[in-house]
J.: 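One structure, as structure tokens, below. Some questions next.
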Amino acid sequence: HGTVQFHHRIAAYIIAATVLLQIWTVLRSGVLGEARISALVLCAAVFAQMAIGIWTLLAQVPLPLGLLHQGGGAVVLAIAVWHLYETRRRGAQVSPSIS
């Protein structure tokens, strides 16, 4: 169990770092509209999911919290797909300009 929790936690750290890099890139690039909104929502959802995961672990995984964490993962995935769609829809430029 400890190894699974360790790998799960490391994956969460990697996802959190990636979403922070993504939101930083979107905010610096000047992208507006739905792509910017979806990035902000994705960032909020990932950190909410991490908070639920920590709460679930500290409470020794009661079924309702475990189910909430599972459902939260599905919601984060859906938001990530929405963000990908929005960034690709109109060819939104989400790379920071170097100047």
Side-chain angles (χ1 to χ4, degrees):
H1 294 285
T3 304
V4 171
Q5 288 179 0
F6 175 76
H7 286 124
H8 192 85
R9 188 175 311 132
I10 294 301
Y13 294 154
I14 291 168
I15 291 168
T18 303
V19 81
L20 285 174
L21 178 62
Q22 177 65 12
I23 193 74
W24 180 74
T25 302
V26 167
L27 293 176
R28 281 204 47 186
S29 70
V31 170
L32 299 174
E34 295 295 320
R36 186 180 186 109
I37 292 169
S38 65
L40 293 168
V41 172
L42 179 60
C43 187
V46 165
F47 282 93
Q49 176 68 355
M50 288 180 67
I52 293 167
I54 292 167
W55 182 22
T56 301
L57 190 59
L58 291 176
Q60 299 179 355
V61 195
L63 184 60
L65 283 178
L67 292 173
L68 180 63
H69 189 59
Q70 288 287 343
V75 170
V76 168
L77 176 62
I79 294 169
V81 170
W82 171 48
H83 178 62
L84 178 64
Y85 171 77
E86 292 299 337
T87 57
R88 302 291 183 241
R89 184 168 74 163
R90 294 188 187 126
Q93 180 71 339
V94 284
S95 58
S97 60
I98 300 175
S99 22

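What you see below is based on every heavy atom in this structure, not just the backbone, and it leaves out hydrogens, waters and symmetry mates.
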J.: CG/Leu21 to SG/Cys43 distance, rounded to the nearest 0.5 angstrom?
T.: 11.5 Å
J.: Find the distance between CZ (Arg9) and CD1 (Ile14) and round it off to the nearest 0.5 Å.
T.: 13.0 Å
J.: To check you understand the geometry: which heavy-atom pair defines the closest contact between Ala59 and Leu65, and what is its length?
T.: CB-CD1, 3.8 Å
J.: I'd like to know whether Trp82 forms a side chain to side chain contact (heavy atoms under 4.5 Å, CB included) with Leu77, so could you lay out the CA-CA distance, the side-chain angles of the two residues, the decisive distance to 0.1 Å, and finally the verdict.
T.: CA-CA 9 Å; Trp82 171 48; Leu77 176 62; over 6 Å; no
J.: Is any side-chain heavy atom of Glu86 closer than 4.5 Å to a side-chain heavy atom of Arg36?
T.: no
J.: Let me confirm one number: the CD1-CD distance from Ile37 to Glu34, rounded to the nearest 0.5 Å.
T.: 4.5 Å
J.: Could you tell me which non-hydrogen atom of Met50 sits nearest to which non-hydrogen atom of Ala16, and how far apart they are?
T.: SD-CB, 3.5 Å
J.: Do the non-hydrogen side-chain atoms of Gln49 and Ile15 ever get within less than 4.5 Å of each other?
T.: no
J.: In the structure I gave you, are the side-chain heavy atoms of Tyr13 and Thr18 within less than 4.5 Å of one another anywhere?
T.: no
J.: Working to the nearest 0.5 Å, report the span between CG of Leu58 and CD1 of Ile54.
T.: 7.5 Å
J.: Using ring centroids (six-membered ring only for Trp), state whether His69 and His8 fall under 6.0 Å.
T.: yes
J.: Using the rule that two of Ile, Leu, Val, Met, Phe, Trp, Tyr join whenever any of their side-chain heavy atoms come within less than 4.5 Å, decide whether Leu42 and Leu20 are in one cluster.
T.: yes
J.: Give, for atom CD of Gln5 and atom CG of Leu57, the distance between the pair rounded to the nearest 0.5 Å.
T.: 5.0 Å
J.: Might you point out which heavy atoms bring Ala45 and Val76 nearest each other, and give the distance in Å?
T.: O-CG2, 3.7 Å
J.: I need the minimum non-hydrogen distance between Ala35 and Ser38, along with the two atoms involved.
T.: O-OG, 3.0 Å
J.: I need the Leu84 CG to Ile79 CD1 distance, nearest 0.5 Å.
T.: 14.0 Å
J.: Tell me whether Leu40 shares a hydrophobic cluster with Val31, the cluster being built from Ile, Leu, Val, Met, Phe, Trp, Tyr side chains joined at under 4.5 Å.
T.: no
J.: If Ile, Leu, Val, Met, Phe, Trp and Tyr residues are connected whenever their side-chain heavy atoms lie under 4.5 Å apart, and connections chain through other members, are Val75 and Val46 in the same group?
T.: yes
